Amino acid sequence: MGYEIKAKVDTWLKARNVQGSNLGDNEKSLYSARTCLPIVAYRAEGDHLLVTLGTDPNGQQLFINGRTNWYVYRPAVEMLRDNQPISLSTGGVSSAQGGTTNTTKFEISTKVDTFLKARPDQGSSLSDNDKVFAKARTTYPIVAYKAEGDHLLVTLGTDSQGQQVYVSARTNWYVYRPSVDVLRDGEPLSLSNRAIAGLPTGAAATAGGGVPKAGVELIKEFEGYESQAYADPIHGWAVPTIGYGTTVYPNGQKVRQGDTVNPTQAEEYLIHHIEATARPDLERIPTWGQMNDNQRGAIYSFAYNLGSAFYGNGAFGSITRVCDSVDRWTDLPWITEQFVKYRNPGTSAEAGLRRRREAEAKLFVS
């Protein structure tokens, strides 16, 4: 039994149940009319619904802008069960698996007193509204997790009665990695095992909660990987660098001479850097919500190379036009022509930058 919500008109998915005009661009995502989204739970809150997104036909957890929980204006949507409209007066979707039973149970268990957090920051820096105390040996059911530096972003699952678990009205929480165990059928699971019940984690389908896999792979291809800290080509050992160009670890500590890293850690550091520095700027692009994962991946690669605050900048008119020209997003020759303008012509880097821009253009239209 599959549950979905369907937009009856163009509307917003919102981080808070307020008017869309009162939200910042990073707090809402355009939800076009007649678009259906799979859900595992919903709850009525006044004239809004709080919905928890489910999985796609391939069993992959669906994220929109790194989130699985969104508010939507009730009159703007209809609820579907097996493609048939149902009354919103029903209390909620009771089973996270649409009426089926998953024999494998995944949980997180706290090893010490810690916090569930709205952001991957130190608990002491968060307000009471952004954290919930979690006592040692508390267990929570989960359906997905993603590693983000020294934190996990977990999506809560359902209880033994099949009811969606919420903590302070949220299903997505960050938790400090050393403070928890991930359990599969009660047994600790190595956090290097990156998949839970077929759902993406870490750098899977949408890496880092919003950085598409294809974009991460493209960045890795052109940045190159170094397992040992090396001197920055321009600043020398004043700026030690490691992995795919990391200079500062997610915990704020600078890379030091003699540090080492493995490919998995290096990718996590890369994703964290993109999330922290590029994503806030890119989500302000007016058409960001209309781009697919490959288009966003191409733009992430461009931003990682040339800076994320390019949109609307006079020196980046061509790439700004690419973002604005939705009707030309499948025009490979035109898209390539715009991308390759950013290749530093006449320099020793031109050939390499041309290859990167061409690869980004190809990904954008694929």
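Everything numeric here is computed off the predicted structure, so don't read it as measured data.
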Asker: Is there a side-chain contact between L49 and M79, using heavy atoms and a 4.5 Å cut-off?
Answerer: yes
Asker: Do D181 and S109 have side-chain atoms, one donor and one acceptor, less than 3.5 Å apart?
Answerer: no
Asker: Is the backbone of G312 close enough, under 3.5 Å, to the side chain of T320 for a donor and an acceptor to pair up by distance?
Answerer: yes
Asker: So which atom in E360 and which in F302 form the shortest heavy-atom distance, rounded to 0.1 Å?
Answerer: OE2-N, 3.3 Å
Asker: Could you give the distance from CD1 (I64) to CG (L53), rounded to the nearest 0.5 Å?
Answerer: 5.0 Å
Asker: Measure from the side-chain N and O atoms of Y269 to the backbone N and O of H273, and report whether any donor-acceptor pair falls under 3.5 Å.
Answerer: no
Asker: List the atom of R256, the atom of A229, and the distance in Å for their closest heavy-atom pair.
Answerer: O-CB, 3.4 Å
Asker: Is it true that E27 and R16 have a side-chain N and a carboxylate O under 4.0 angstrom from each other?
Answerer: yes
Asker: Under 3.5 Å, side-chain donor or acceptor atoms of residues 303-310 against the rest of the protein: list the pairs with distances, not counting sequence neighbours.
Answerer:
residue : atom : partner : partner atom : Å
Y304    : OH   : Y244    : O            : 3.0
N305    : OD1  : R357    : NH1          : 3.1
N305    : OD1  : R357    : NH2          : 2.9
S308    : OG   : T277    : O            : 3.2
S308    : OG   : D281    : OD2          : 2.7

Asker: What's the shortest heavy-atom distance between P141 and V165, and which atoms?
Answerer: CG-CG2, 3.7 Å
Asker: Thinking salt bridges, do K362 and E358 make one under a 4.0 Å N-O criterion?
Answerer: no
Asker: Which atoms form the tightest heavy-atom contact between I274 and I219, and what is the distance?
Answerer: CD1-CD1, 3.6 Å
Asker: Are any side-chain N or O atoms of E217 and backbone N or O atoms of A214, one a donor and one an acceptor, separated by less than 3.5 Å?
Answerer: no
Asker: Output yes when a side-chain donor or acceptor of T336 lies under 3.5 Å from a complementary backbone atom of L332, and no otherwise.
Answerer: yes
Asker: With a cut-off of under 6.0 Å to the ring centre and 45° to the axis, is K131 in cation-pi contact with F115?
Answerer: yes
Asker: Go through it in stages, so that I can follow the logic: the residues are L270 and V216, the test is side-chain contact (heavy atoms from CB on, under 4.5 Å), and I'd like the CA-CA distance, side-chain angles, deciding distance and then a yes or no.
Answerer: CA-CA 8 Å; L270 168 64; V216 173; 4.2 Å; yes
Asker: Is there a chain of hydrophobic side chains (I, L, V, M, F, W, Y, each step under 4.5 Å between heavy atoms) that links V51 to Y71?
Answerer: no
Asker: Without swapping roles, check the side chain of T241 against the backbone of V239 for a donor-acceptor pair under 3.5 Å.
Answerer: yes
Asker: Check side chain to side chain contact (heavy atoms under 4.5 Å, CB included) between S125 and all other residues, then give those that pass, not counting sequence neighbours.
Answerer: D121, Q122
Asker: Mark yes or no for whether K6, through its side chain, and L37, through its backbone, hold a donor-acceptor pair below 3.5 Å.
Answerer: no
Asker: Between E4 and N83, is a side-chain contact (heavy atoms from CB on, under 4.5 Å) present by the stated rule, with each step listed?
Answerer: CA-CA 8 Å; E4 298 173 299; N83 297 318; 3.4 Å; yes
Asker: Look up atom CZ in R343 and atom CG in L353, then write down how far apart they are to the nearest 0.5 Å.
Answerer: 10.0 Å
Asker: Tell me whether Q290 at atom CD has more than 12 heavy atoms from other residues, nucleotides or ligands lying less than 6.0 Å away.
Answerer: yes
Asker: Any chain of hydrophobic side-chain contacts (each under 4.5 Å) joining Y230 to Y225?
Answerer: no
Asker: Give a yes or no on whether Y342 and F339 share a hydrophobic cluster (residues Ile, Leu, Val, Met, Phe, Trp, Tyr; joining criterion: side-chain heavy atoms under 4.5 Å apart).
Answerer: yes
Asker: Tell me whether N262 contacts the main-chain N or O of Q265 through its side chain, where contact means a donor paired with an acceptor under 3.5 Å.
Answerer: yes
Asker: Could you walk me through whether D130 and R119 pass salt bridge (charged side-chain N to carboxylate O under 4.0 Å, His left out), step by step?
Answerer: CA-CA 7 Å; D130 287 332; R119 301 191 306 276; 3.1 Å; yes
Asker: Is atom CD of Q253 surrounded by more than 12 heavy atoms (other residues, nucleotides or ligands) closer than 6.0 Å?
Answerer: yes
Asker: Indicate, with yes or no, if V180 and V132 share a hydrophobic cluster defined by side-chain heavy-atom contacts under 4.5 Å among Ile, Leu, Val, Met, Phe, Trp and Tyr.
Answerer: yes
Asker: Is there side-chain contact between Y31 and I5, with heavy atoms separated by less than 4.5 Å?
Answerer: yes
Asker: Using a 4.5 Å cut-off on heavy atoms from C-beta on, say whether the side chain of V365 contacts that of D331.
Answerer: no
Asker: Working to the nearest 0.5 angstrom, can you tell me the gap between S29 OG and L13 CG?
Answerer: 5.5 Å
Asker: Any side-chain donor-acceptor pair under 3.5 Å between D259 and Y249?
Answerer: yes
Asker: Are side-chain heavy atoms of Y140 and E107 found at a separation under 4.5 Å?
Answerer: no
Asker: So L363 and R296, do their side chains get closer than 4.5 Å, heavy atoms only?
Answerer: no
Asker: Whether the side chain of T347 engages the backbone of A349 through a donor-acceptor N/O pair (distance < 3.5 Å, no angle test) should be reported.
Answerer: yes
Asker: For a 4.5 angstrom cut-off between non-hydrogen side-chain atoms, does S301 reach R356?
Answerer: yes
Asker: Please assess L50 against Y166 for the test side-chain contact (heavy atoms from CB on, under 4.5 Å), listing each intermediate value before the final yes or no.
Answerer: CA-CA 11 Å; L50 174 61; Y166 293 91; 4.0 Å; yes
Asker: Working note: I242 + E226, criterion side-chain contact (heavy atoms from CB on, under 4.5 Å); need CA distance, chi angles, decisive distance, verdict.
Answerer: CA-CA 6 Å; I242 202 168; E226 293 288 344; 5.7 Å; no
Asker: One thing to verify: whether R354 and E350 come together as a salt bridge, which I'm taking to mean a side-chain N less than 4.0 angstrom from a carboxylate O.
Answerer: no
Asker: Would you say W70 and T52 make side-chain contact, with heavy atoms under 4.5 Å?
Answerer: no
Asker: Taking all non-hydrogen atoms of both residues, which atom of P178 and which atom of K111 are closest, and how far apart?
Answerer: O-CE, 3.0 Å
Asker: About how many Å separate CZ of R284 and CZ of R279, when rounded to the nearest 0.5 Å?
Answerer: 12.0 Å
Asker: Between atom CZ of R74 and atom CG of D47, what is the distance when rounded to the nearest 0.5 Å?
Answerer: 8.5 Å
Asker: Mind checking whether L183 and F106 have side chains closer than 4.5 Å, heavy atoms only?
Answerer: no
Asker: Working to the nearest 0.5 Å, report the span between OG of S366 and CG of N294.
Answerer: 4.0 Å
Asker: If you measure from the Lys or Arg side-chain nitrogens to the Asp or Glu carboxylate oxygens, is any gap between R177 and E268 under 4.0 Å?
Answerer: yes
Asker: Say whether, by atom type as modelled, one donor and one acceptor occur between the side chain of S325 and the main chain of V322 under 3.5 angstrom.
Answerer: no
Asker: Report, as yes or no, whether the 6.0 Å neighbourhood of atom NZ on K8 holds more than 12 heavy atoms from other residues, nucleotides or ligands.
Answerer: yes
Asker: When you measure from the side chain of T110 to the backbone of A134, do you find a donor-acceptor pair of N or O atoms at a distance under 3.5 Å?
Answerer: no
Asker: Pick out which of I319, D324, I299 makes a side chain to side chain contact (heavy atoms under 4.5 Å, CB included) with Y311.
Answerer: D324
Asker: Can the ring centres of W334 and F364 be said to be less than 6.0 Å apart?
Answerer: no
Asker: Consider only side-chain heavy atoms of I, L, V, M, F, W and Y, link residues closer than 4.5 Å, and tell whether V175 and V112 are in one cluster.
Answerer: no
Asker: Tell me the closest heavy-atom pair linking C323 and I285, and the distance in Å.
Answerer: CB-CG2, 3.9 Å
